[in-house]
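Sequence lines set the chain letters: A, B, ... in the order given, protein chains first and strands last, and positions in each chain run from 1.
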Number of protein chains: 2
Amino acid sequence: MDTKSLIVDIATNLFQQKGYKGVGLNEILKECNITKGALYHHFPNGKEELLIACLQSMNESITASIEGIFRGYPTTLEASQAMLEKLVDDFDREGTITGYTFTSIVSEMASLSDSIRIACSLLYTNIQGIYSNKLEEDGFSKEKAYSTALMMTATIEGGIMLCLTQNTSDPLKMISSVLPNLLKK
Amino acid sequence: MDTKSLIVDIATNLFQQKGYKGVGLNEILKECNITKGALYHHFPNGKEELLIACLQSMNESITASIEGIFRGYPTTLEASQAMLEKLVDDFDREGTITGYTFTSIVSEMASLSDSIRIACSLLYTNIQGIYSNKLEEDGFSKEKAYSTALMMTATIEGGIMLCLTQNTSDPLKMISSVLPNLLKK
DNA sequence: GTCTATAATACGATAGAC
DNA sequence: GTCTATCGTATTATAGAC
């Protein structure tokens with residue numbers, strides 16, 4: 001594996017856990033076992049350039065992961081519940097949720113950097129698009145699919161926040177059990 | 001107004017906008033027009049003690065604000081839509097949402113400090129309690145009221161995140177319009 | 001492409017005068 | 001109760017050797 005990918009992988013993980021300002025370059029370098037010279041060779045504009053590379057990487061892997069799950073199930077309800085089950089398992093195993101969104105980065109940086117805000121926005125658009133397409137396959141009208149997909153995105157995102165805050169996966173479990181009501185035509 | 005309250009008020013605002021790590025002491029001091037000596041007199045344990053005071057202050061004012069709205073309307077639906085309308089207005093006017101939650105602090109600090117995580121958790125519990133009580137008044141069963149209140153909390157929280165990311169109040173408007181479905185018995 | 005060494009600045013926190 | 005001055009450390013970033 002090349003150094004640049006290694007940096008992006010490790011930094012991505014750290015940013016998701018502690019947010020952008022919560023991670024120093026030294027911490028990244030230490031986990032990568034490299035030095036400043038190497039990092040600034042691959043990312044001449046420093047930390048913010050690295051963050052944007054991480055956001056793109058997350059965007060691709062998260063979108064691919066959700067698409068994979070949604071291809072594997074016939075209906076939006078089944079796919080969504082499988083996805084939520086995965087999130088619950090992740091949380092119960094690791095005590096945190098990485099690989100679904102980057103809430104901590106959004107809320108921290110949305111007011112500070114426009115280019116980062118837009119990169120985050122793109123991810124939500126992609127996720128919502130996956131939901132929306134599947135709902136249309138289920139027979140929802142375009143409008144109803146759009147509003148339902150938005151509700152799903154917001155609910156799951158908020159549910160993750162509640163899990164992190166209460167330090168239990170119960171909120172996401174509850175959301176999964178209530179999902180059939182949300183997905184009624 | 002005394003200095004301690006002034007510090008809490010200004011710091012609260014800054015923390016909500018930029019997160020905990022995103023705000024330096026110097027920025028707070030400058031806006032307060034005081035110096036380090038004054039701040040450390042009122043908060044001997046420094047920044048983290050100040051944050052906890054801010055969280056308590058936010059908790060009280062947010063809870064009181066939502067309770068006020070919920071007292072003023074006969075049903076959960078009407079009260080919730082009034083609350084969402086207020087959030088939308090705030091966003092359209094100020095370009096950001098302060099005074100409903102502290103998402104940025106939660107997601108940033110949940111993994112780092114347990115005492116802060118718990119302080120954040122308390123706010124969500126309070127908000128959810130207000131929703132839940134009103135739903136029981138509406139005739140919901142205790143269980144149904146609980147799960148519906150959780151959905152409301154998650155959805156609105158996620159909706160705020162989407163607004164911040166997309167830099168538009170549309171997600172919260174859409175959530176408000178879909179709310180009647182969520183609040184069906 | 002990676003290293004070491006260093007710069008310049010910002011951070012949170014403390015001591016002591018008034 | 002508020003000030004000034006300072007400490008020690010962490011921050012991002014750069015220069016130059018190899």
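- A heavy-atom distance below 4.0 Å to DNA chain D is reached by these residues of residues 14-23 of chain A, ordered by number: A:Val23.
- Note: CG (B:Leu29) to P (C:dA10) measures 15 Å, nearest angstrom.
- In this structure, A:Tyr131 has its ring center closer than 6.0 angstrom to the ring center of A:Phe70.
- In summary, the side chains of B:Asp138 and B:Thr75 do not present any donor paired with an acceptor at a separation below 3.5 Å, with no hydrogens or angles considered.
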For a side-chain contact (heavy atoms from CB on, under 4.5 Å) check, start with the C-alpha distance between B:His42 and B:Val8, then their side-chain angles and the critical distance, and finish with the verdict. CA-CA 10 Å; B:His42 294 289; B:Val8 169; over 6 Å; no
A:Lys30 and A:Asn26: CA distance, side-chain angles, deciding distance, side-chain contact (heavy atoms from CB on, under 4.5 Å) verdict: CA-CA 6 Å; A:Lys30 198 178 167 192; A:Asn26 289 322; over 6 Å; no
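- Between A:Ala11 and A:Ile28, the shortest heavy-atom contact is CB-CD1, 4.1 Å.
- Under 3.5 Å, the side chains of B:Gln17 and B:Asn13 contain a donor-acceptor pair of N or O atoms.
- For A:Lys4 and A:Phe43, the positive end sits near the middle of the six-membered ring, less than 6.0 Å away and at most 45° from its axis.
- Atom CZ in A:Phe43 sits roughly 14 Å away from atom C1' in C:dG1 (whole-Å rounding).
- Side-chain contact between A:Ile156 and A:Ile160: present, with at least one pair of heavy atoms (C-beta onward) separated by less than 4.5 Å.
- At least one side-chain heavy atom of A:Leu150 sits under 4.5 Å from a side-chain heavy atom of B:Pro171.
- Connection of A:Ile130 to A:Tyr73 is established within a shared hydrophobic cluster, with ILVMFWY side chains joined at heavy-atom distances below 4.5 Å, either directly or through further cluster members.
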Go through it in stages, so that I can follow the logic: the residues are B:Glu157 and B:Tyr100, the test is side-chain hydrogen bond (donor to acceptor under 3.5 Å, both in side chains), and I'd like the CA-CA distance, side-chain angles, deciding distance and then a yes or no. CA-CA 9 Å; B:Glu157 194 65 34; B:Tyr100 180 78; 5.4 Å; no
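- Here the P atom of nucleotide D:dT2 and the NZ atom of B:Lys30 are 21 Å apart, to the nearest Å.
- The separation between B:Leu39 atom CG and C:dT14 atom C1' is 13 Å, rounded to whole Å.
- When the side-chain nitrogen and oxygen atoms of A:His41 are compared with OP1 and OP2 of C:dC3, none of them lie within a distance under 4.0 Å.
- When rounded to the nearest whole Å, the span between NE2 of B:His42 and P of C:dA13 equals 16 Å.
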For nucleotides 13-15 of chain D, which of its nitrogen or oxygen atoms have a protein nitrogen or oxygen under 3.5 Å away, and what is each distance?
{"residue": "D:dA13", "atom": "OP2", "partner": "A:Tyr40", "partner atom": "OH", "Å": "2.8"}
{"residue": "D:dA13", "atom": "OP2", "partner": "A:Lys47", "partner atom": "N", "Å": "3.0"}
{"residue": "D:dA13", "atom": "O5'", "partner": "A:Tyr40", "partner atom": "OH", "Å": "3.2"}
{"residue": "D:dA13", "atom": "N6", "partner": "A:Lys36", "partner atom": "NZ", "Å": "3.2"}

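- Contact check, A:Asn26 against D:dT11: a side-chain N or O comes under 4.0 Å of OP1 or OP2.
- Within residues 2-13 of chain B, the residues approached by DNA chain D to less than 4.0 Å at the level of any non-hydrogen atom are B:Thr3, in residue-number order.
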